[in-house]
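Everything numeric in this text was worked out from a predicted model, so none of it was measured. When reading the values below, keep in mind they use all heavy atoms of this one structure, side chains included, and skip hydrogens, waters and symmetry mates.
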Amino acid sequence: MEVKEEVRIPELFISPELIERARREGKTLVLYPTLKFSCLIAKRFRAELSEVPPEGGVFTKVGDVDTYIVFRAVGSRFCGGDRGFEDFDFPIKEPERFFPKWIKVNPDLSGDFGYV
């Protein structure tokens, strides 16, 4: 799902230790907030330090570190059980409306995002 470039950048709370690590290693910080629409709505988050910028995503800088936010909304055909989960890109007409308002990333690349 493509999020338009003109989407507002969320408020970012990135650990100073992580920013320093990215700077020292010369890497790009990539944030992956994901909304999962299944039996319930769930938030998933992961972050990584990457040698190569991702395709797509919203670009910003945190300090002097290139940072990309790659937002996705996914659905699940089944709700676990014997069939497990089968994810697919969830069609949203205006994905920028679901884009997080804030993202927090800890030194160990764990984190969270939210809307209030």
Side-chain angles (χ1 to χ4, degrees):
M1 164 190 4
E2 186 70 26
V3 177
K4 298 175 185 171
E5 282 293 321
E6 63 267 12
V7 71
R8 60 154 169 66
I9 301 296
E11 191 168 2
L12 298 174
F13 303 96
I14 312 292
S15 155
E17 296 89 351
L18 182 57
I19 294 299
E20 180 55 35
R21 178 180 164 198
R23 183 181 302 117
R24 187 176 59 249
E25 295 177 12
K27 293 188 177 175
T28 297
L29 179 59
V30 186
L31 312 177
Y32 295 96
T34 302
L35 278 180
K36 183 172 185 174
F37 295 90
S38 184
C39 298
L40 299 170
I41 298 174
K43 298 186 308 180
R44 301 284 182 255
F45 178 82
R46 72 182 179 88
E48 67 182 19
L49 292 175
S50 178
E51 300 277 342
V52 180
E55 297 216 6
V58 176
F59 173 77
T60 189
K61 278 198 175 276
V62 177
D64 58 352
V65 174
D66 290 354
T67 303
Y68 287 85
I69 304 164
V70 182
F71 174 75
R72 286 184 65 209
V74 297
S76 180
R77 296 193 200 294
F78 311 106
C79 292
D82 294 340
R83 300 188 82 171
F85 293 96
E86 184 181 321
D87 291 347
F88 61 92
D89 281 326
F90 195 79
I92 296 178
K93 290 184 181 183
E94 298 177 45
E96 57 275 3
R97 292 183 63 200
F98 293 87
F99 205 73
K101 292 192 179 186
W102 59 266
I103 299 174
K104 178 184 178 196
V105 188
N106 302 313
D108 64 356
L109 295 170
S110 65
D112 196 10
F113 64 97
Y115 296 93
V116 180

Note to self: Counting only heavy atoms not in R24 (residues, nucleotides, ligands), do more than 12 fall under 6.0 Å from its CZ?
What the structure shows: yes
Check: Can you tell me how far the CG atom of N106 sits from the CG atom of D112, to the nearest 0.5 Å?
Finding: 9.0 Å
Item checked: Donor-acceptor contact below 3.5 Å, side chain D108 vs main chain S110 -> yes
Check: Is Y115 reaching over with its side chain to a backbone N or O of F98, donor-acceptor style, under 3.5 angstrom?
Finding: yes
Next item on the list: Taking R46 for its side chain and T34 for its backbone only, find out whether a donor-acceptor pair lies under 3.5 Å.
Entry: no
Next item on the list: Specify the closest pair of heavy atoms between L18 and P107, including all atoms of both residues, with the distance to one decimal.
Entry: CD1-O, 4.1 Å
Notebook entry, point to check: Within the side chain of K43, is there an N or O that forms a donor-acceptor pair under 3.5 Å with the backbone of F113?
Noted result: yes
Check: Looking at CD1 of I19 and CG of L29, how far apart are the two atoms once the value is rounded to the nearest 0.5 Å?
Finding: 6.0 Å
Next item on the list: Look at the side chain of T67 and the backbone N and O of V65, then say whether any donor-acceptor pair between them is shorter than 3.5 Å.
Entry: yes
Notebook entry, point to check: How far apart are the closest heavy atoms of G56 and V70, and which atoms are they?
Noted result: O-CG2, 4.5 Å
Note to self: Tell me whether the count of non-hydrogen atoms from other residues, nucleotides or ligands lying under 6.0 Å of CD in E55 goes above 12.
What the structure shows: no
Margin query: If I take atom CZ from residue F45 and atom NZ from residue K104, how far apart are they, to the nearest 0.5 angstrom?
Written below: 11.0 Å
Check: Honestly curious: do V62 and I9 fall in one hydrophobic cluster under the side-chain, below-4.5 Å linking rule?
Finding: yes
Notebook entry, point to check: In Å, rounded to the nearest 0.5 Å, how long is the span from CD of E48 to OH of Y68?
Noted result: 13.0 Å
Notebook entry, point to check: With the 4.5 Å side-chain cut-off for hydrophobic clustering, are I69 and W102 part of the same group?
Noted result: no
Margin query: Can you tell me how far apart CZ (R8) and NZ (K101) are? Round to the nearest 0.5 Å.
Written below: 6.0 Å
Notebook entry, point to check: Below 4.5 Å, heavy atoms only, C-beta onward: do I41 and K36 meet side chain to side chain?
Noted result: no
Notebook entry, point to check: Quick one: CD1 on I103 to CZ on F71, what's the gap to the nearest 0.5 Å?
Noted result: 9.5 Å
Next item on the list: Dump the intermediate steps for salt bridge (Lys or Arg N to Asp or Glu O under 4.0 Å) on E17 and R21, then the final yes or no.
Entry: CA-CA 6 Å; E17 296 89 351; R21 178 180 164 198; over 6 Å; no
